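Indexing begins at 1, ligand by ligand and atom by atom, following the structure's order. Just so you know, these numbers come straight off a predicted model, no measurement behind them. Each residue takes its place number in the sequence, starting with 1.
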Amino acid sequence: MLIYKHKTEIEDYISQTKKNGKKIGFVPTMGALHQGHLALIDQAVAKTDQVVASIFVNPKQFNNSEDLNKYPRMPEKDIDLLQAQGCHAVFLPTPDEMYAGVIERTYDLGYLDTVMEAKFRPGHFNGVAFVVDLLFELVRPDIAFFGEKDFQQLAVINEMVRQKKHRVEVIACPTIRETDGLAMSSRNLRLTAEERKQAPFLYQLLKEARQQTASLTPDQIKATISNTLTKNSSFKLEYIEIVNALTLQPVSAFNNQPIQILIAAWLGSVRLIDNIQLLP
Ligand code: AMP
């Protein structure tokens with residue numbers, strides 16, 4: 001596997017790869033890789049000729065300096081995992097390298113930048129859009145792979161791609177879970193043993209919500225989950241939303257629309273997010 005730390009190196013490699021007529025698959029990550037990331041690599045290996053991953057803990061998308069400082073970093077282990085998974089090249093820039101000579105960009109993400117993650121993490125999605133925009137300019141992928149784990153992020157990426165006219169197909173990949181249902185996340189490494197035992201409760205609540213769609217309204221389901229978390233758990237709820245899966249607009253009834261439920265909650269000092277499809 002090729003390992004690049006400089007933008008010029010990855011640009012040269014991409015030019016050569018394109019000249020050879022190879023289809024490029026791209027998986028951007030922040031490292032501390034787990035099976036969720038590796039499932040994206042698998043998809044990329046299956047659908048493209050040359051698979052490029054990036055590992056970059058992007059300071060511009062962190063609205064909380066403690067979260068940035070404590071974000072797990074293990075590049076050597078990540079490189080081994082990527083190589084074993086059949087990845088062809090990895091780009092690991094420093095923040096200085098990534099942003100050298102680049103003028104700050106802002107994105108008008110409209111409604112998407114006002115709700116859920118955006119509401120609780122101001123500036124987060126501008127930082128995500130900025131770094132993925134730059135990475136797409138460098139890697140010029142034919143297909144890029146993102147996880148449904150970050151459901152709102154997927155909508156943001158699609159909007160950025162539309163606005164910037166990137167010629168890339170964005171493929172959404174299902175959330176990979178631990179055997180107890182906890183959505184895999186690099187931040188799970190920061191849970192204490194006790195918190196780790198409690199963490200799958202969020203997914204249980206989402207699955208229960210799926211059972212309740214026949215008898216309760218979206219507002220009733222949200223109230224039930226909110227009450228359960230407030231009364232019986234160590235979680236601190238940030239939001240629970242039931243939305244149209246395509247527009248991310250909240251719904252007041254279940255009427256033949258694709259429906260997604262999304263949640264964010266703190267468990268100790270770790271912020272967990274999850275989501276599942278409620279309907280169909
Ligand atoms: P991150 O390293 O957290 O920025 O994630 C990099 C990519 O992996 C993003 O597209 C995430 O949505 C995706 N991802 C993270 N966790 C999972 C998971 N449990 N299942 C599927 N994809 C995931």
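When heavy-atom distances to ligand 1 are checked against a 4.0 Å cut-off, M184 comes that close through both its backbone and its side chain. At a heavy-atom cutoff of 4.0 Å, ligand 1 is contacted by the side chain of L40 but not by its backbone.
At the shortest separation from atom 20 (N) of ligand 1 among protein heavy atoms lies I176 N, 2.8 Å. Atom 3 (O) of ligand 1 has Y71 OH, 3.9 Å as its closest protein atom, hydrogens excluded (heavy atom only). Closest protein heavy atom to atom 4 (O) of ligand 1: M30 CG, 3.5 Å. Of the protein's non-hydrogen atoms, P174 O, 3.4 Å is the one closest to atom 21 (C) of ligand 1. For atom 6 (C) of ligand 1, the closest non-hydrogen atom on the protein side is P28 O, 3.4 Å. At the top of the distance list for atom 12 (O) of ligand 1, counting protein heavy atoms only, stands D150 OD2, 2.6 Å. Protein heavy atom in closest approach to atom 5 (O) of ligand 1: H37 NE2, 3.4 Å.
Residues Y107 and F125 place their aromatic rings such that the two centres sit no closer than 6.0 Å.
If you check the side chains of Y71 and N58, you find no donor sitting under 3.5 Å from an acceptor. Side chains of Q257 and N244: a donor on one and an acceptor on the other come within 3.5 Å. Counting only N and O atoms by type, the side chains of T224 and Q212 include no donor and acceptor under 3.5 Å apart.
At a 4.0 Å cut-off, at least one heavy atom of H34 sits close enough to ligand 1 to count as contact.
By the 4.5 Å heavy-atom criterion applied to side chains, I143 and F26 are not counted as neighbours. Proximity of I263 to I273: side-chain heavy atoms (C-beta onward) are nowhere separated by under 4.5 Å.
At least one N or O atom of G147 sits closer than 3.5 Å to an N or O atom of ligand 1.
Without hydrogens or angle criteria, T217 side chain to A253 main chain gives no donor-acceptor distance under 3.5 Å.
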### Task
Step by step, work out the salt bridge (charged side-chain N to carboxylate O under 4.0 Å, His left out) result for R105 and E137.
CA-CA 14 Å; R105 299 178 193 174; E137 287 177 359; 3.0 Å; yes

